[in-house]
Amino acid sequence: MVFPIDLSKYTSLKFDLQQTALTEEQQRILTDNIQLVRDCLVFFTALANVKGLGGHTGGAFDIVPEMLIVDGFMKGSVALHPVYFDEAGHRVAIQYVMAVLNGYKKPESLLHYREYGKGFYGHPERDEDNGVFFSSGRLGHLWSYVNGVAEADKTKTVVMFGSDGSQMEGDNAEAARYAVARKLSVKLFIDDNDVTIAGHPSQYMKGYDVARTLAGQGLAISVGNGEDLNALFARIQGALVAAGPVALVNKRPMAVGVPGIEGSPKGHDVIAVNLAVDYLTARGLSDAVEMLQTYPLKKTKDTYLGSTAETGKVRDDFGRAVCELLDSMANPADKVLVVDSDLEGSCGLHHIRKNHPEVYVHGGIMERNNYSVAAGFGSESGRQGIFGTFAAFLEMVVSEITMARLNHANVLAHFSHSGIDDMADNTCHFGINNFFADNAVAEGDATRLYFPADTLQLRAMLKEVFHDSGLRFLFSTRSATPYLLTEKGDKVFGDGYVFRPGKDELIREGKDGYLVTYGEMTYRCLDAVLQLRNRGITVGLINKPTLNVIDEEMLEKVGGSPFVLVVESQNSKTGLGIRYGTWLLERGLHPRYGYLGTSKIGQGGIAEQLPHQGLAVDDIIKKILSLLRP
């Protein structure tokens, strides 16, 4: 399949570091190059959307002018470290375009953005053979790393692309002070588009100004219009030859010139296909439009034995369920504070903002602060903080969790996107270390980790634990989950079900051995159990919705069977599997034991992530059969 936009029209530019202005010819070429690259970005990110792979368009689209100017200076001078470091990893599409333009990949490879096994992940992962020279994706983590690169070779200038959103992270304040103190030749190019996922910082974070913030930390600052090419070139050149760290703050609307997403948080995400078609049609790119409209798709929906075809998203229903609980409270703002970390739609918190704005705070991209704010609010009996973000970012707040616990805080934290299912964002966004939250000493510990199997169990769970004291962590997946069914065909967690914290649940009785699982792996394990029953093998299934509490009665039951297999999508080095076997041995129980979990670097894609880890239903069956052999 031929890439429908002719990238051979791109003309590489080379600038001397002493050149202070563009020639007329260079300006014409640069203008054409920018338009070509932006058209390309709109097209192939939209193509990923056609395939259901998601992605991000606007951020990469924004920084094309400064990226191509910096590229020209890199090609014209050995004084620049030749890597386009970008702390906003979701803008990775521009890295892939540059890899093509610099000869590392063919244009047709861009057709596979975010696909499984193609190397075009949702965030950059270091792959020098294919033109990607760094990994990023967790905001606030890269600048300090870039400082280290600058320390390693003080003869080179190192550049980093940033944004007003990513600069909210507290790590960047430390990196700024370090760069200034060490007089490092680090140059920042900040896209100040006043857009993050959940809104406009100028509206929800009054007083925040990225240029004033960086100036206050001691950096030299240059603020200008990111779309004024002549002025942008002069400002970039001036920054590159100046001594010490410099930040260029480039102001522009998000996705400037793209109707439907310009200036909107919608621009952060992947562009809607119809809007991409309109844009590309106006640009006269009929071949690209035709591919978007006619790309062949194979639409299949998997169903699983023992579960409904109907599905629900636990991560979204969390917010709905909390709203119902708040509805029943008098003056909820006196008792509850909900602090979002710019991922409200991903965690269901947008429902709370809409229905109970009196308890809701747009906390911005500041996870450490926001968790501690929730803890401080919940520091006295009768009050609690609610916090939400992706499970991958739980690793960022481990210390705050410890201090919240020592302060006897009451926090209900929702970590969505747990595990790896449907995670084209790939390895840096895998939420596989949820057990890091279970980091207290054993004495008197009331920390609880909960992972519901479907939305019905979520609602029953919240009714029981919402008003509990201490630290509670509730996990959900990005993907939707079906509803578990009993042997009679009723919903397991339907009418009459009551969640009992700390108790494991018998989903199917067994005599040949037991599976122990939770969350989104429960319905997959049930399918495996039922397939084996059709082959005359009776394996039981235990759902363990409270992850970090031992149910002695259930442990004794499964420990007396021929085998126990723990199945989870958490890290095989840190999850339930490494604990459960110890619990069995400590009680003198010694069934044959095995566990399955995430153990490989991601390879992109959506539905392919679990099978890639050996966590598909067929893999579970294969592991069970190996444990049944004498």
Side-chain angles (χ1 to χ4, degrees), residues 303-329 348 351 355 386 412 414 416 418 448-469 472-477 479-511 514-531 533 538-558 561 567-568 576:
T303 56
Y304 294 83
L305 297 177
S307 300
T308 63
E310 176 192 6
T311 62
K313 289 189 175 181
V314 172
R315 64 184 175 96
D316 187 68
D317 248 30
F318 174 86
R320 298 178 191 271
V322 169
C323 284
E324 292 169 6
L325 293 166
L326 294 174
D327 290 343
S328 66
M329 297 170 60
H351 297 299
N355 292 285
I386 296 178
L412 175 62
H414 176 208
S416 72
S418 292
R448 294 294 179 265
L449 278 55
Y450 300 114
F451 205 142
D454 62 28
T455 61
L456 290 176
Q457 184 166 50
L458 162 78
R459 287 174 174 272
M461 185 179 284
L462 280 176
K463 287 179 183 178
E464 291 296 321
V465 308
F466 185 82
H467 296 289
D468 286 354
S469 60
R472 288 138 296 142
F473 298 86
L474 194 145
F475 302 107
S476 64
T477 58
S479 57
T481 54
Y483 298 93
L484 298 183
L485 298 175
T486 66
E487 293 185 77
K488 294 181 179 180
D490 299 322
K491 291 180 178 177
V492 171
F493 306 117
D495 293 342
Y497 170 75
V498 176
F499 175 70
R500 299 168 62 201
K503 298 299 292 183
D504 298 349
E505 299 170 339
L506 181 65
I507 305 300
R508 291 293 191 275
E509 188 63 80
K511 64 180 180 63
Y514 279 93
L515 292 183
V516 179
T517 190
Y518 55 89
E520 84 287 16
M521 296 310 297
T522 312
Y523 70 88
R524 293 177 167 92
C525 287
L526 181 54
D527 186 298
V529 164
L530 296 179
Q531 285 195 48
R533 291 200 174 186
T538 307
V539 175
L541 177 61
I542 306 299
N543 178 41
K544 188 171 181 56
T546 307
L547 305 184
N548 65 328
V549 176
I550 299 171
D551 182 339
E552 296 288 355
E553 181 181 1
M554 194 66 77
L555 196 67
E556 183 176 355
K557 178 181 179 69
V558 301
S561 72
V567 180
E568 60 186 331
L576 178 65

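Heads up: numbering here begins at 1 and tracks the sequence.
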Rounded to the nearest 0.5 Å, how far apart are [atom1] of [X] and [atom2] of [Y]?
X	Y	atom1	atom2	value
Asn543	Leu484	CG	CG	7.0 Å
Leu541	Leu526	CG	CG	6.0 Å
Leu412	Ile386	CG	CD1	5.5 Å

Go through the structure and list residues passing salt bridge (Lys or Arg N to Asp or Glu O under 4.0 Å) with [X], not counting sequence neighbours.
X	result
Glu552	Arg587
Lys557	Glu509
Asp504	Lys544
Arg459	Asp317, Glu324

Please determine if Glu505 and Arg500 form a salt bridge, counting it only when a charged side-chain N lies under 4.0 Å from a carboxylate O. no
For the student: nearest non-hydrogen atoms of Lys503 and Asp551, plus distance: NZ-OD1, 3.1 Å
Minimal heavy-atom distance between Val322 and Leu462, with the atoms involved, is CG2-CD1, 4.2 Å
With Leu456, which residues qualify under side-chain contact (heavy atoms from CB on, under 4.5 Å), at least two apart? Asp454, Tyr483, Lys491, Phe493
Please name all residues satisfying side-chain contact (heavy atoms from CB on, under 4.5 Å) with Thr311, sequence neighbours left out, ordered by chain then number. Ala480, Pro482
Could you check whether any side-chain heavy atom of Asp327 comes within less than 4.5 Å of a side-chain heavy atom of Asn355, counting everything from C-beta outward? no
In this structure, which one of Phe451, Phe475, Tyr523 forms a ring-ring contact (aromatic ring centres under 6.0 Å, His included) with Tyr518? Phe451
Could you tell me whether the side chain of [X] and the main chain of [Y] form a donor-acceptor pair under 3.5 Å?
X	Y	result
Glu568	Leu576	yes
Arg320	Asp316	no
Arg472	Val465	yes
Ser418	Ser476	yes
Thr517	Val567	yes

Walk me through whether Arg448 and Asp468 qualify under side-chain contact (heavy atoms from CB on, under 4.5 Å). CA-CA 10 Å; Arg448 294 294 179 265; Asp468 286 354; over 6 Å; no
